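Before any comments, here is the structure.
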Amino acid sequence: MDVFPPLLSSFEFNAFENYVTNSNECVRFKLVTCIDDLIDDFEETNGSNDKNDGESKKSTSSCQISPFKPDMSYQFFGENENIFGYKDLIVKVYYSCAKLNIYLGLKYADRLTKEQTDGVEPDDVLRIISSKYETKVCFNLNEFSANLSKEISFIPYGELMEEFEIESKPIDDHQQAEKRRFCLYKANNLVPGFVAYHERMQTFLMWFIEGVSYIDIDDNRWDFFILYEKLPRTGKSLSSSKPLSDEYQYCFVGYSTVYQYYAYPQNVRPRISQFLILPPFQRIGLGSKLLAAIYKNYSEKSIVDITVEDPSDDFQRMRDIFDCKLCMQLSWYQTLAPNTVWSNEMAVEAQNKYKLNPKQTRRVFEILKLKLTNRNDPDQYRQFRLSIKQRLNAPYKKQINDIERLHQRKAINDTNYELLMKTNQIPREYRIKNLNKQYEEIESEYLQIIEKL
Ligand SMILES: CC(C)(COP(=O)(O)OP(=O)(O)OC[C@H]1O[C@@H](n2cnc3c(N)ncnc32)[C@H](O)[C@@H]1OP(=O)(O)O)[C@@H](O)C(=O)NCCC(=O)NCCS
């Protein structure tokens with residue numbers, strides 16, 4: 001939606017202030033494990049719940065997986081991320097937890113009519129979402145819930161790569177640490193039924209990844225890595241002491257797509273494209289586990305290195321921590337000192353052993369060097385700052401040197417040389433200021449990673 005809906009003056013818009021909702025706040029996701037997770041929704045539709053309470057307290061407490069909100073919604077509701085026309089709006093975007101069948105519904109206290117707004121319609125929220133989804137969605141709660149009984153028979157697509165447990169930290173002294181069980185599957189577009197499943201899976205992306213677009217799944221160079229939690233059929237997570245049997249059901253946690261780019265002559269450069277861990281499962285190490293599994297999967301000789309397409313800041317943080325820990329096992333780390341100079345051999349070792357991309361290894365090298373640098377030692381600290389600024393300044397220096405060289409070789413005449421210098425040269429003062437600013441940003445990023453090592 002635009003700032004003001006068409007035909008509505010700013011005066012009228014202010015009059016309807018209570019009817020404009022921030023779409024990041026009012027969209028509610030639920031991963032529905034069983035019919036009990038919908039008790040509050042049925043009560044609402046039967047009218048026994050207070051319609052004006054905005055968000056029912058019960059609806060969050062009765063669900064096995066806590067409901068969650070999107071990180072962004074501009075791909076649906078425009079740059080302002082507003083929805084017009086409803087008071088106390090809740091947009092329900094529910095997924096059955098394993099099969100990912102989708103239900104879309106609205107709850108609101110009041111909806112504007114065309115008569116009230118001089119003909120401006122409230123946003124058609126469900127149509128806006130469903131038209132972006134490119135997969136079947138259901139608008140009827142009874143129909144959605146009728147299919148929930150099939151969830152327990154869901155078997156993930158593709159091949160099982162690994163199963164593991166994560167110990168959840170107790171929130172307080174009275175709570176016991178609990179082991180949760182997860183499993184990771186690998187699939188591609190040849191797995192029967194997976195293409196349709198992927199259509200449903202990818203609908204999460206636009207709510208959580210900046211600038212994302214859907215991929216062309218018909219291209220058979222895509223690999224998919226999908227993570228599930230194995231939930232007990234009722235109540236809390238599966239205890240590891242219990243034997244594995246059919247007492248659990250799968251719950252979708254997140255996934256990653258990897259494109260296998262061709263590299264000359266017969267090699268492959270896998271690129272991580274989309275990578276998502278849903279909010280209820282974030283910050284418990286699952287993203288790192290998924291990344292580790294991807295590294296392990298592409299470890300053959302024919303793999304050049306693994307790259308990442310447009311990583312988000314959170315992803316980069318996770319990746320830095322993970323890659324630093326890997327590089328701390330390499331031979332060059334054993335002799336790393338504050339005065340060590342970057343060398344190509346370091347990149348080669350990280351590439352051969354872990355398929356790290358040289359640019360990322362250089363970043364890791366700098367983080368690990370800062371870790372060893374005594375920032376209270378002025379000389380040592382100055383040396384570090386200088387090495388980073390030299391790297392940052394290198395492309396500029398090369399550009400100027402190239403122009404100088406062309407001029408010396410008489411490949412360009414004096415007039416063109418002066419023109420090129422004039423357009424490319426940046427005043428020293430401005431350059432230093434800029435380098436200092438860039439350095440500070442980098443140092444603060446690096447220090448966050450060092451805290452975690
Ligand atoms: C980025 C993302 C994949 C991380 O997944 P995750 O399962 O939370 O990651 P982990 O639990 O393995 O995190 C490992 C470490 O990375 C860092 N980290 C991860 N997410 C972070 C965040 N949001 N803020 C700060 N640090 C973060 C932390 O240091 C974390 O360790 P800690 O929890 O002990 O502090 C997940 O947040 C996500 O899917 N985000 C939305 C989509 C996205 O950005 N995808 C990447 C597109 S390229």
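Quick caveat, the model's predicted, so the values are computed rather than measured. The basis for the numbers below is simple: all heavy atoms, side chains too, and nothing from hydrogens, waters or symmetry mates. Counting starts at 1 for both ligands and their atoms, in listed order.
Within the 4.0 Å cut-off (strictly below), no protein heavy atom is located near atom 2 (C) of ligand 1.
The option with the heavy atom closest to atom 44 (O) of ligand 1, from among P279, S312, S256, is S312. Considering only non-hydrogen atoms, atom 39 (O) of ligand 1 lies nearest to I277 out of I277, I209, I449, I272. With atom 37 (O) of ligand 1 as the reference point, the heavy atom nearest to it among M318, R319, Q282 is part of Q282. The residue from E309, R283, K289, K452 that puts a heavy atom closest to atom 21 (C) of ligand 1 is R283.
Against a heavy-atom cut-off of under 4.0 Å, R317 is close to the following atoms of ligand 1: 24 (N), 25 (C), 26 (N), 27 (C). Taking a cut-off of under 4.0 Å to the non-hydrogen atoms of F208, the atoms of ligand 1 that pass are 41 (C), 42 (C). Atoms of ligand 1 lying under 4.0 Å from any heavy atom of G285, numbered from 1 in the order shown and given with element: 10 (P), 11 (O), 12 (O). Within the listing of ligand 1, atoms 10 (P), 12 (O), 14 (C) sit less than 4.0 angstrom from a heavy atom of S288. Taking every non-hydrogen atom of D314 and a distance limit under 4.0 Å, the qualifying atoms of ligand 1 come out as 1 (C), 22 (C), 23 (N), 24 (N).
In this structure, R180 is not positioned above the aromatic face of F182 in the sense of NZ or CZ being under 6.0 Å from the six-membered ring centre and within 45° of the axis. Remark: K389 qualifies as a cation-pi partner of Y439 under the 6.0 Å distance and 45° angle criteria applied to the six-membered ring. Remark: K289 qualifies as a cation-pi partner of F164 under the 6.0 Å distance and 45° angle criteria applied to the six-membered ring.
Counting heavy atoms closer than 4.0 Å to ligand 1, residue I284 contributes backbone atoms (N, CA, C, O) but none from C-beta onward.
From the protein, the heavy atom lying nearest to atom 47 (C) of ligand 1 is F275 O, 3.7 Å. Remark: minimum distance from atom 29 (O) of ligand 1 to any protein heavy atom is reached at I321 CD1, 3.1 Å. Among all non-hydrogen protein atoms, the one lying nearest atom 7 (O) of ligand 1 is G287 N, 2.7 Å.
Here the side chains of V308 and F315 are in contact, with some heavy-atom distance below 4.5 Å.
When each of E165, E162, E167 is paired with R181, the salt bridge (charged side-chain N to carboxylate O under 4.0 Å, His left out) condition holds for E165 and for no other.
Put simply, the side chain of Q334 gets close to the backbone of M328: a donor and an acceptor are under 3.5 Å apart.
Using cut-offs of 30° and 60° for the angle between ring planes, the F29 and F208 rings count as tilted.
A donor atom on one side chain and an acceptor atom on the other are found under 3.5 Å apart for Q316 and D320. Donor-acceptor pairing under 3.5 Å is lacking for the side chains of T373 and Q380.
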